[in-house]
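These notes are about the structure you will find just below.
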Amino acid sequence: MSFSFLSHLECSRTGKRHDADEVQGVSDEGAPLLARYDLDEVRASVTPADLRERPHDLWHYHEVLPVRDPVNITTLGEGMTPLLPLPSYGAAVGVPGLLMKDEGLIPTGTFKARGAAVGVSRARELGVRAIAMPTNGNAGAAWSVYAARAGMGSLIVMPVDAPEITRRECVATGAELYLVDGLINHAGALVKHAAAERSGYQEVSTLKEPYRIEGKKTMGYEIAEQLGWQVPDVILYPAGGGVGLIGIHKAMLEMQELGWIGDKLPRLVAVQSSGCPPIVDAFNAGLDESELKEGTHTLAFGINVPKALGDFLVLEAVRESGGTAIAVDDDDILREVSALASQEGTWICPEGAACMVAVRELRESGWIEEQEQVVVLNTGTGLKYPETVPVDVPVLAKDGRVPVR
Ligand SMILES: Cc1ncc(COP(=O)(O)O)c(C=O)c1O
């Protein structure tokens with residue numbers, strides 16, 4: 001009985017097969033490679049009921065993950081994050097069936113841990129000694145943490161404006177960290193050269209290695225499992241490089257083929273900031289790919305990606321699922337961070353809050369209907385973004401008094 005039913009890698013543009021048991025980057029055409037599994041074998045060897053008996057982490061989907069030998073699994077207990085009802089907030093925005101998949105409760109505090117756990121584990125299995133990556137902060141922090149756990153080196157380059165805590169996470173793990181006075185695409189160019197010049201380093205930029213998406217797709221499997229193998233009507237995702245959205249769509253199609261879910265697909269919504277909306281603009285213009293945006297800015301730093309390598313896959317997933325793409329303003333994002341904290345007691349990240357703004361706006365326009373079941377991905381904890389909540393409180397004298405109210 002195989003632990004993984006990984007069969008091969010497939011070019012996402014041409015469908016050409018590549019060997020999955022060698023270290024691979026992108027296809028000859030420069031497109032992301034997608035992992036394919038022998039799903040007939042998976043169907044014959046495991047059922048959703050079997051999963052109930054397994055530990056509640058993302059590795060319980062190991063048949064549809066790429067690691068062949070469990071000794072290579074590098075884990076910090078990631079996966080099976082809560083799918084929280086938001087009764088007060090949901091009622092206030094007119095979507096009583098609103099749920100939040102809270103990725104703030106995963107190691108490193110963001111969903112990037114999923115991609116890092118699976119990506120690092122598979123890299124280790126294939127003999128990679130060190131990883132090199134550009135990042136908007138959270139991914140670099142997660143990959144350096146998992147690399148440290150696996151005994152691998154890491155070279156990370158991030159914009160100077162990336163959340164400060166993510167620098168500290170990299171430094172704490174012993175990563176070789178550089179800051180660049182620019183955006184993630186500038187960091188990407190630096191990493192590409194560095195990885196080419198060094199031996200034993202694999203470049204693991206977004207979608208330039210095939211397995212990060214496999215880690216992220218487990219969010220899709222978990223949502224279906226947590227809903228009793230049903231899918232919600234709508235899933236909203238804050239899209240930078242878009243890996244999570246592509247992964248969730250891939251998970252849905254795999255689960256359909258496995259017979260684990262029915263014919264219905266959730267409508268996928270790519271949420272971006274109006275300060276950086278390449279995918280939204282391409283969606284609205286009916287294009288298959290986005291154009292590089294200049295001078296982008298947003299406080300939701302994880303979605304400040306001026307041009308994503310997998311933009312065409314995000315657009316395909318959104319359209320195929322009957323979804324949409326929407327850009328929201330930073331002021332509204334900040335308002336929603338506070339609303340969630342005060343109404344539901346959960347401090348979410350700005351990227352997750354962007355999705356909450358989108359829920360509100362799509363409900364107002366009627367695109368989301370009142371009775372629909374809607375899942376928002378809160379991709380990280382607000383604790384990593386202390387500056388989103390300004391603190392202006394009185395300081396009391398030692399012999400003073402708390403005001404009477
Ligand atoms: C908290 C958070 N949410 C969302 C994203 C966007 O992820 P992706 O680039 O995979 O679309 C990021 C990326 O850095 C992030 O850190």
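In this chain, residues are counted from 1 in sequence order. Start at 1 and go down the list; that is how both ligands and their atoms are numbered.
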Contact table ligand 1 N or O to protein N or O, d under 3.5 Å:
| unit_1 | atom_1 | unit_2 | atom_2 | d |
| --- | --- | --- | --- | --- |
| ligand 1 | 3 (N) | Thr379 | OG1 | 2.7 |
| ligand 1 | 7 (O) | Lys112 | NZ | 3.2 |
| ligand 1 | 7 (O) | Tyr237 | OH | 3.2 |
| ligand 1 | 9 (O) | Gly241 | N | 2.7 |
| ligand 1 | 10 (O) | Lys216 | NZ | 3.1 |
| ligand 1 | 10 (O) | Tyr237 | OH | 3.0 |
| ligand 1 | 10 (O) | Val243 | N | 3.4 |
| ligand 1 | 11 (O) | Tyr237 | OH | 2.9 |
| ligand 1 | 11 (O) | Gly240 | N | 2.9 |
| ligand 1 | 11 (O) | Gly241 | N | 3.2 |
| ligand 1 | 11 (O) | Gly242 | N | 2.6 |
| ligand 1 | 14 (O) | Lys112 | NZ | 3.3 |
| ligand 1 | 16 (O) | Asn138 | ND2 | 2.8 |

Check: Sub-3.5 Å donor-acceptor pair from the side chain of Asp233 to the main-chain atoms of Gln373, do we have one?
Finding: yes
Next item on the list: Compare all side-chain heavy atoms of Asp102 with those of Leu105 and state whether any distance is below 4.5 angstrom.
Entry: yes
Notebook entry, point to check: Within the side chain of Gln24, is there an N or O that forms a donor-acceptor pair under 3.5 Å with the backbone of Asp19?
Noted result: yes
Note to self: Please list all pairs meeting salt bridge (Lys or Arg N to Asp or Glu O under 4.0 Å) that have one or both residues in residues 276-289, counting only residues at least two apart or in different chains.
What the structure shows: Arg13-Glu289, Asp281-Lys293, Asp288-Arg319, Glu289-Lys307
Check: Looking at Glu164 and Lys384, does any basic side-chain N land under 4.0 Å from a carboxylate oxygen?
Finding: no
Check: With distance as the sole test, does Glu344 use its side chain to make a donor-acceptor pair with the main-chain N or O of Tyr89 at under 3.5 Å?
Finding: yes
